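Only this structure's heavy atoms are used, side chains among them; waters, hydrogens and symmetry mates stay out. Proteins get letters first, then strands, A, B, ... in listed order; numbering begins at 1 in each. All values derive from a computational prediction rather than experimental measurement.
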Number of protein chains: 2
Amino acid sequence: MNRAATTPSPTFSPLYRQIKDLMVRSLELGEWGPGDAIPSESELAARFSVSQGTVRKAIDEMAAENLLVRRQGKGTFVSTHNDPRSLFRFLRLQPNEGEIDQSISEPVECWRAKAGQDVSRVLGLAVGTPITILRRLLSFDGEPALVDEIYLPSDLFPDLSLDVLQHNDMSLYRLYENRYGVRMIRAEERIRAIAADKVNGELLKVPEGSPLLLVERVAFTYGNKPVEWRRGFYATNRYHYFNELS
Amino acid sequence: MNRAATTPSPTFSPLYRQIKDLMVRSLELGEWGPGDAIPSESELAARFSVSQGTVRKAIDEMAAENLLVRRQGKGTFVSTHNDPRSLFRFLRLQPNEGEIDQSISEPVECWRAKAGQDVSRVLGLAVGTPITILRRLLSFDGEPALVDEIYLPSDLFPDLSLDVLQHNDMSLYRLYENRYGVRMIRAEERIRAIAADKVNGELLKVPEGSPLLLVERVAFTYGNKPVEWRRGFYATNRYHYFNELS
DNA sequence: CAGTGGTCTAGACCACCCC
DNA sequence: GGGTGGTCTAGACCACTGA
């Protein structure tokens, strides 16, 4: 590590942040894959020629961003959507009473199209880029809870089809990660109330015109690159969207 | 600081967390009030007979929880709702396009009542405890955006009335803090979609039956004590609820 | 037992703010 | 210049895990 880089300057960046950037790059490039243990703190300190405390601070920030998971006595691991604990990290819908025993994702449709203005703006694609659109129904304990309409750039998810979805009984983000090597690390949601149309009303078993939550999500992978756009229609008679503010 | 307390034991708690607990207590007891600078890190280190690094770690956690705000070169301060930067910390509604120039809170009603089952359960009060209920309309740039229905235990907000509200042109949490010494530090929100009733429809200038967000909030002060229950009816034609997931 | 992350210390120096 | 928080180091020891 070049100490000169820490010289005061208009673009001062502390050492631990430079280390962090290098480590994030190792994640992006796949040097350390999801679920893997990364080298120990002392190994990393030696590799970057800094003290253990500096490496530690870099890892602290990455753990706070859910990029890494520390496990005392075992090591530090690249976080993964295969971990059951992260299953509900991006799904804030929960039952008004009790807990969810079982959630089932039922693919409904999957087709190819060309990106229109809206999708290309959100995902940073050129208008006309091939995209894959899929619709699926998510049920909790046998009751339909939400319908998702998902827009993906086809080049990143080449063979995605209804067949693939039906033969993979896992969360979508697990599928993205395991089959396509695309890891979602962050998302933004914009929520509105709308009236159910015919299609969603039937899927969710509510009358047309019933109030639904419309949850629009943009999900990002490493480098703040948006790779998924999603419109979720949430039935909130038995469930609600939970959020904690601090 | 009694080092023996750090001896390995079934209830091991690191030194910096014990320091943090002591400091949180100082906040609860009002030794350090909102907006005040707390003692410098070296002073605190001396007071608790620990190293500066240990105090630092305690402050780090408190800053992460928005209890304190660090300002390099100046000191560490008790966070306050008087700080304009924290104005939208608990209000996640934002315009679909552009920014909010001006927000106006217009009190509509304010009356006393006795806590029913729902309020007492949420706020941890006995049924029948005196509560104060108020309704207000929040407008952004002249357009009505949301109606709040707010339930408070009367003993903590003794003279709260329509008159007080009309003569205090500040955010409610500023009023709570400045006039009643109640600081909100955390909140939970549960969001559903509902149809507008007559009253809220008129206030928000939308037809009866239009879809609205119902945002139920429980807000907590120090010690995780719930002190406010709120039902917000958000019009989401021009605005949306924004949330970031990570 | 050895190896990992977690805590704590003491001291040096830097960046920022204000007098 | 003197105070504050911010960074970085080197070293000691503790807590947890698994072979």
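- Contact between the side-chain N/O atoms of B/K74 and the OP1/OP2 oxygens of C/dC18 is found at a separation under 4.0 Å.
- Heavy atoms of other residues, nucleotides or ligands lying less than 6.0 angstrom from CD of B/E99 number 12 at most.
- Donor-acceptor pairing under 3.5 Å is lacking for the side chains of B/T80 and B/R174.
- B/D60 places its CG atom 11 Å from the C1' atom of D/dG5, with the value rounded to the nearest Å.
- Candidate nucleotides D/dA10, D/dG5, D/dT7 were compared by shortest atom distance to the side chain of A/K57, and D/dT7 ranks first.
- Between the CG atom of B/L44 and the C1' atom of D/dT4 there is a distance of 12 Å, rounded to whole Å.
- Atom-to-atom, CD1 of B/I19 to C1' of C/dT9 comes out at 13 Å; the value is rounded to the nearest Å.
- What separates CD of B/E61 from C1' of C/dC8 is a distance of 15 Å, to the nearest Å.
- Atom C1' of nucleotide C/dT7 and atom CD of A/E41 are separated by 12 Å, given to the nearest angstrom.
- Look at B/R71 and you won't find any side-chain N or O under 4.0 angstrom from OP1 or OP2 of C/dC16.
- The nucleotide whose nearest atom lies closest to any side-chain atom of A/R70 is, among C/dG6, C/dC17, D/dG6, C/dG6.
- Closest approach to the B/S51 side chain among C/dG6, C/dT9, D/dA10 is made by C/dT9 (side chain taken as heavy atoms from C-beta onward).
- Closest to the B/P14 side chain, of the nucleotides C/dC8, C/dA15, C/dG5, is C/dC8.
- For the pair B/L68 CG and D/dG6 P, the computed distance is 11 Å after rounding to whole Å.
- Using cut-offs of 30° and 60° on the angle between ring planes, the pair A/W229 and A/Y151 is tilted.
- Of all non-hydrogen atoms in A/H240 and A/P95, the two that sit nearest each other are CE1-O, 3.5 Å.
- Remark: P of D/dT7 and CD1 of B/I59 are 14 Å apart, rounded to the nearest angstrom.
- Rounded to whole Å, atom P of C/dT9 lies 15 Å from atom CZ of A/R56.
- Minimum atom distance to the side chain of A/Q72 is reached by D/dA15, of the listed C/dT9, D/dA15, D/dT9.
- For the pair A/G73 and A/Q52, nearest-nucleotide mapping onto DNA chain D gives the more 5' position to A/Q52.
- Taken from CD1 in A/I185 to OH in A/Y173, the straight-line distance is 12.0 Å, to the nearest 0.5 Å.
- Candidate nucleotides C/dT9, D/dT9, C/dT7 were compared by shortest atom distance to the side chain of A/L15, and D/dT9 ranks first.
- At D/dT9, one or more side-chain N or O atoms of A/T54 fall inside 4.0 Å of OP1 or OP2 (strictly under the cut-off).
- The side chain of A/E43 lies closest to C/dT4 when the candidates are D/dC8, C/dT4, C/dG6.
- Checking C/dA15, D/dT4, D/dT9 against every side-chain atom of B/S40, the shortest atom distance belongs to D/dT4.
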